[in-house]
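Let me begin by presenting the structure, written as structure tokens, before commenting on it.
Heavy atoms only: backbone and side chains are in, while hydrogens, waters and symmetry mates are out. All values derive from a computational prediction rather than experimental measurement.
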Amino acid sequence: MMQAANVNRLTPYLFLAPATLILGAALLYPIGYMIYASFLNWNPSQRIGEADWVGLGNYVKLLSDAQFHESVAVTITFAGVVVAAEMVLGVGLALLLDRNIRGLSILKTLFILPMMIAPIVVGLMWRYMYHPTVGVFNRALVSLGFEPAPWLSESRWALTSVIIADIWQWTPFIFILSLAALQSLPRSTLEAARIDGATGWQQVLYIKLPLMLPVLVVATLLRLIDAFKVLEVILVLTNGGPGLSTEILSLRISRTASEFRELGLAAAMSNLLLVLLLGLTLGMFTYNKMIEGRAARLRSAALKGE
């Protein structure tokens with residue numbers, strides 16, 4: 001009997017084992033290959049076995065590379081600004097539209113259209129809108145009596161222009177998740193707060209946002225990871241210029257591998273980016289566990305109050 005019980009407990013794992021092994025190999029092999037390549041002085045004209053072993057040489061080189069440091073700074077600035085702006089706008093729109101409004105389904109469809117467009121198309125579209133002479137923005141400025149703005153041709157404008165394009169495309173992602181979180185909140189709790197005299201802002205600050213936090217933390221994490229890896233829109237809009245003002249890390253990795261033909265150095269950059277994202281993910285998941293516990297306590301207290 002004991003042996004049969006043990007077999008029954010192991011049965012689900014045995015069924016999962018083949019898929020787990022395949023997925024594990026598909027995930028771990030490329031990561032292991034990239035880690036190994038980062039210890040080599042390797043270019044595309046060589047087989048990986050012919051490349052010279054340099055150990056930590058690529059990592060040491062990156063630590064003293066001012067251009068790499070600038071790319072990291074641009075990446076962190078870009079990711080921080082776009083995610084913060086998208087969270088504020090997305091959550092704000094969700095709070096605004098979390099009510100019975102005629103034509104709400106049409107509004108939702110319109111709001112999510114930008115995230116359905118391919119990044120290359122988004123880059124081309126915004127590039128035309130930023131055009132110095134025929135772009136819609138400069139034509140509007142000129143018609144109002146202002147000087148045309150150098151949207152993509154000056155460093156102080158270029159990063160802002162790229163940030164605006166990303167916010168336009170990905171705010172709907174936060175909006176959809178926030179609206180789903182709002183609509184899953186217990187209506188009895190909100191109704192009880194309303195009866196007790198809580199104003200709209202008090203409901204948002206003390207009930208809605210605390211209960212939404214687990215979803216918002218996950219949404220923030222997903223957008224941060226994606227913002228650190230964005231490539232196509234910046235490639236089309238500015239190609240990393242002027243200078244290095246919009247060269248984020250993913251673009252520098254791509255250039256190092258394809259233009260500079262330093263595959264080992266590009267692999268080292270990719271590994272550092274992977275470590276950064278892993279640290280960010282672990283930190284956010286730890287915080288999310290704390291938030292989920294707090295939200296569970298709030299829900300429990302609300303149910304007891306009923």
Indicate, with yes or no, if [Y] and [X] share a hydrophobic cluster defined by side-chain heavy-atom contacts under 4.5 Å among Ile, Leu, Val, Met, Phe, Trp and Tyr.
| X | Y | result |
| --- | --- | --- |
| Leu96 | Val215 | no |
| Val217 | Leu282 | no |
| Val136 | Leu144 | yes |
| Leu235 | Ile164 | yes |
| Leu278 | Leu276 | yes |

Output the distance between atom [atom1] ([X]) and atom [atom2] ([Y]), rounded to the nearest 0.5 Å.
| X | Y | atom1 | atom2 | result |
| --- | --- | --- | --- | --- |
| Gln169 | Ile117 | CD | CD1 | 7.5 Å |
| Ile248 | Phe228 | CD1 | CZ | 9.5 Å |
| Thr75 | Lys229 | OG1 | NZ | 13.5 Å |
| Ser178 | Lys208 | OG | NZ | 12.5 Å |
| Met212 | Leu95 | CE | CG | 5.5 Å |
| Leu159 | Leu237 | CG | CG | 11.5 Å |

Does the [X] side chain pair with the main chain of [Y], one donor and one acceptor, at a distance under 3.5 Å?
| X | Y | result |
| --- | --- | --- |
| Asn271 | Ala267 | yes |
| Gln46 | Asn43 | yes |
| Asn41 | Asp52 | no |

Non-hydrogen atoms of [X] and [Y] that approach each other most closely:
| X | Y | answer |
| --- | --- | --- |
| Glu147 | Leu141 | O-CD1, 4.0 Å |
| Val74 | Leu244 | CG2-O, 3.8 Å |
| Gly123 | Val236 | C-CG1, 3.5 Å |
| Thr171 | Leu93 | CG2-CD1, 4.4 Å |
| Gly240 | Thr246 | C-OG1, 3.0 Å |
| Glu86 | Ile167 | OE2-CA, 3.5 Å |

I want to check something: taking the side chain as every heavy atom from C-beta on, are [X] and [Y] in contact at a cut-off of under 4.5 Å?
| X | Y | result |
| --- | --- | --- |
| Pro119 | Val233 | yes |
| Arg252 | Asp65 | yes |
| Phe78 | Ile163 | yes |
| Leu221 | Phe285 | yes |
| Trp168 | Met125 | yes |
| Trp201 | Tyr206 | no |
| Asn138 | His131 | no |
| Ile48 | Trp42 | yes |

- request: Report the C-alpha separation of Ile31 and Ile35 in whole Å, then their side-chain angles, then the decisive distance to 0.1 Å, and conclude whether the side chain to side chain contact (heavy atoms under 4.5 Å, CB included) test is met.
  value: CA-CA 6 Å; Ile31 292 176; Ile35 292 172; 3.9 Å; yes
- request: Decide yes or no on side chain to side chain contact (heavy atoms under 4.5 Å, CB included) for Leu209 and Leu213, but give the supporting numbers first.
  value: CA-CA 6 Å; Leu209 288 179; Leu213 269 180; 5.6 Å; no
task: Take Met269 and Leu273 through the test side chain to side chain contact (heavy atoms under 4.5 Å, CB included) and record every step on the way to the result.
output: CA-CA 6 Å; Met269 289 185 196; Leu273 179 59; over 6 Å; no
Just wondering, are more than 12 heavy atoms of other shown residues or ligands nearer than 6.0 Å to [atom1] in [X]?
| X | atom1 | value |
| --- | --- | --- |
| Phe260 | CZ | yes |
| Tyr59 | OH | yes |
| Leu63 | CG | yes |
| Arg127 | CZ | no |
| Arg194 | CZ | yes |

query: When the ring planes of Phe137 and Tyr130 are compared, do they come out parallel, tilted or perpendicular, using 30° and 60° as the limits?
result: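 Rings of Phe137 and Tyr130: tilted, 30 to 60°.
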task: Look at the rings of Tyr33 and Tyr29 and say which category their plane angle falls in: under 30° parallel, 30 to 60° tilted, over 60° perpendicular.
output: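 Rings of Tyr33 and Tyr29: tilted, as their planes differ by 30° to 60°.
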field: Glu262-Thr256 side chain donor-acceptor pair, cut-off 3.5 Å
entry: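 Short answer, no.
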message: Test side chain to side chain contact (heavy atoms under 4.5 Å, CB included) on Trp157 and Leu152; report intermediate values, then the result.
response: CA-CA 6 Å; Trp157 286 87; Leu152 301 176; over 6 Å; no
